[in-house]
Structure formats: structure tokens, C-alpha cells
Number of protein chains: 2
Amino acid sequence: MATPTNTQFAVAVHVLVYLASVGRNEQRSIGSEELAGSTAVNPVHVRRVLGPLRTAGLVHSKPGAKGGWEIGADPREIGLDRVWAVLQGDDPVLGLHGPSPRCAVGAGVQEILQGVEREVSAAVVDRLARRSIADLVTEAHLEAAVGPPR
Amino acid sequence: MATPTNTQFAVAVHVLVYLASVGRNEQRSIGSEELAGSTAVNPVHVRRVLGPLRTAGLVHSKPGAKGGWEIGADPREIGLDRVWAVLQGDDPVLGLHGPSPRCAVGAGVQEILQGVEREVSAAVVDRLARRSIADLVTEAHLEAAVGPPR
DNA sequence: AATAACTGTAATCACATTGGCGACGGTATG
DNA sequence: CATACCGTCGCCAATGTGATTACAGTTATT
């Protein structure tokens, strides 16, 4: 692996689908532990991933007993691009940030590559925007309530 | 940085532009050391990056005194997608390879995400294919001989 | 009020990848 | 033969990810 396995995006999507499906069908908040069990990762990791999503308004959390997580927006309007933007918005897709070369050749090439990077990032976002959490719920054959969050 | 800075692609492109420009104008092989100096990285690193490119036929190398590297194909036909394929062809762009969840929800989501991954990878390759090493030489305002390799 | 069940966050650890660095052998030039 | 390269190995530091533990804060339940 050249790129260290970045589970955050996958975990986030999984959790959102879970919240949009199970959570809304059963009308309850869901704890980090249950989410972690479902995703096969650590509860703390789940909370770390969900933190930024909460800031972005995609989920809500309730502390205390019977607390937990609920989806914070209409699943039909949560495009995968939004999740991506929240979690990896700043990271370059091509992973270039090469050492800036001293020579004239390098300076020009670096500039051009940055332009390519922007193009590629835009293309990625475009593809991700084509699917929403609600789409995933449907495609994964999960029955779910649809509509704005409770 | 979520993604560790992966300089390999940037270094490879830089070196190819250098070979297509300086190397062919001056009609000589170029040593790893000179390439490393131009790219501000280690000579060993340059050789490690160029190894796969040689296997792919994009460059040639000559051992021994007066040895060094030459470009191995017409720069106009070396699209950035080829370089990408050689160096990062196997790595997922989205970095998902999340832990396979046990529950039914997860299995379905994982499958869908893999489909998205394929779409996104294709989009990235498509954008990269729009530019060739020869294009970069031109855009970087470097005078260079154009045509098939010597 | 006391307890239990959660979130929220910090600290630490193991692990993997990247890239710098040194060493040594192979090979072509002069 | 001496020199100047490539080619590859091994070791090292730095970095990022995720697991784990611990602890503080908040809320429902009894």
C-alpha cells in the first residue's frame, strides 16, 4: 500500500447509512459502541470520525444515558461528496506536495501539477456527488424511513 | 495530512520532463545525481522511482561510466496517466479498504463503495490522460527537441 | 441524591509507509 | 586497471493511522 488505508471515509459512510436505516426505523439514538460493532472498528475511532460530521451538521449527538447519535439531515441530501469534503477536503488526491525543486524546470512543472491536482480533485468530487446516503440505503436493499431527520 | 506526501509521482513527472528537455537537447544520458539535484531528492530515491518506469519502457538506463538515463518513448505519447498507472496503479484513490464489517449493512455498503472507487479511479486516469510529458515541456516554457527517443 | 450509561478528549502504543543515507557488487568507459 | 556510473540491499528517522486506556462531563433512571 502506498497510501495508508484511510478508513475514515468508509467508516463515515457506513455509519451514516446505518443511522439512516436502523436508527430511523427504530426511532432511537445509537451509541458509539453499537456503531463500532457494526463497522468493526473502535468506539473511540467512531467518535473521532463523527466529530467533524457533527460540526458539519450531518449528525447530532446526545450525551448521557440513552444518548447516542442520530442522522442530522435528510439522507437524500447527503451526497458522498459532502462526507468527503468534511473528512478529506484538504488532502490532495494525487498526493503531490513534492519537494519544491530549485531549478527553473521544477518550478514550472510544480505549478502545472498543481493545476492537474485541482482538476482531478474536482473530478473526484463530481463522481462522489452522484450518490447520496439515501441511494446507498436503497442499493444495499435496506428498508428505511425516508425524509428529513426527526 | 491524512495522506502521507507521496512524492513519487511528482518526482517521476519532473524527471521525465527533465529528460525530455535537457537530456534530448544536449544529446546525453543524465546521471541519477544530476536528476536528484534537480528534483531536490536523494539519488537512490530517483533510482527507486525510475526502476518501474524503465520496466514500463518509459525510460532507459545505461550502467557504467558515462551511463545514465534517457527517455524511452516519444514524450508526446507519454500521458500522465501512464506514469500514474506505473507508480500508483494499484492504490485506491479513496483510500477505502475499510475493515470488512460483519453485519449485512456493511457488506452491501462495502460493495457499493468499491464500485464508487472504480468510478473515481477511472475519472482520475481520464484527467491525467489529457496531458503528456511533451505538453508539460511546452507549458513550462522549456525548449526541447520533440520526436521519438534517440 | 446516587448510580449507570453515554459522549468528548487526551495520552500512549503498535504498526505501516515514506524517504534519506550508507554500503557493496556489477558493468561500461578510457 | 582505475574510474564512474547503475542496481539493490539494509538501516534509520519521521509521519500518519487506528487501538486502547483513562478520565472528565452530562443525562436518564431509580
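All of these numbers come straight from a predicted model, not from anything done at the bench. Below, chain A is the first sequence line, B the second, and so on; all start at residue 1.
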Self-check item: Residue from Ile78(A), Leu128(A), Leu87(A), Leu80(A) passing side chain to side chain contact (heavy atoms under 4.5 Å, CB included) with Val13(A)
Solution: Leu80(A)
Quiz item: Considering the options Val17(A), Leu16(A), Thr39(A), which one meets the side chain to side chain contact (heavy atoms under 4.5 Å, CB included) requirement together with Val109(B)?
Solution: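 Testing Val109(B) for a side chain to side chain contact (heavy atoms under 4.5 Å, CB included) against Val17(A), Leu16(A), Thr39(A) leaves exactly one candidate, Val17(A).
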Practice problem: Please list, chain by chain and in numerical order, all residues satisfying side-chain hydrogen bond (donor to acceptor under 3.5 Å, both in side chains) with Arg48(A), sequence neighbours excluded. | Solution: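 So Arg48(A) forms no side-chain hydrogen bond (donor to acceptor under 3.5 Å, both in side chains) with any residue.
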Report yes if a side-chain nitrogen or oxygen of [X] is closer than 4.0 Å to either non-bridging phosphate oxygen (OP1 or OP2) of [N]; otherwise report no.
X        : N       : result
Gln8(A)  : dT17(D) : no
Thr7(A)  : dT17(D) : no
Ser61(A) : dT7(C)  : no
Arg47(A) : dG8(C)  : no
Asn42(B) : dG19(C) : no

Expressed as a whole number of angstroms, how long is the span from [X]:[atom1] to [N]:[atom2]?
X        : N       : atom1 : atom2 : answer
Arg48(B) : dC21(C) : CZ    : C1'   : 9 Å
Arg28(A) : dC6(C)  : CZ    : C1'   : 14 Å
Phe9(A)  : dG18(D) : CZ    : C1'   : 19 Å
Glu33(B) : dG7(D)  : CD    : P     : 15 Å
Lys62(A) : dA4(C)  : NZ    : C1'   : 16 Å
Leu50(A) : dC6(C)  : CG    : C1'   : 14 Å
Asp91(A) : dT15(D) : CG    : P     : 16 Å
Leu53(B) : dG7(D)  : CG    : P     : 12 Å

Quiz item: Between Ala65(A) and Arg54(A), which has a closest nucleotide on DNA chain C that is more 5'?
Solution: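 Whichever sits nearer the 5' end wins; that is Ala65(A).
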Quiz prompt | Nearest to side-chain heavy atoms of Val44(A), which nucleotide of dT20(D), dT27(D), dG22(C) | solution =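 Closest nucleotide to the Val44(A) side chain: dT20(D).
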Quiz item: Of Pro43(A) and Gly64(A), whose nearest nucleotide on DNA chain D comes first from the 5' end?
Solution: Pro43(A)
Self-check item: Most 5' of Pro63(A) and His45(A) on DNA chain D, judged by nearest nucleotide
Solution: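 The residue mapped nearer the 5' terminus is His45(A).
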Practice problem: Measure the shortest side-chain to side-chain distance between Leu19(B) and Leu35(B) over non-hydrogen atoms and say whether it is less than 4.5 angstrom. | Solution: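 Answer yes - side chains close enough.
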Quiz item: So do the side chains of Val11(A) and Gln8(A) get within less than 4.5 Å of each other, counting heavy atoms only?
Solution: no
Quiz item: Under 4.0 angstrom, heavy atoms only, what part of the nucleic acid is Gly68(B) near: base, sugar-phosphate, or nothing?
Solution: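 Gly68(B): backbone/sugar contact only, no base atoms under 4.0 Å.
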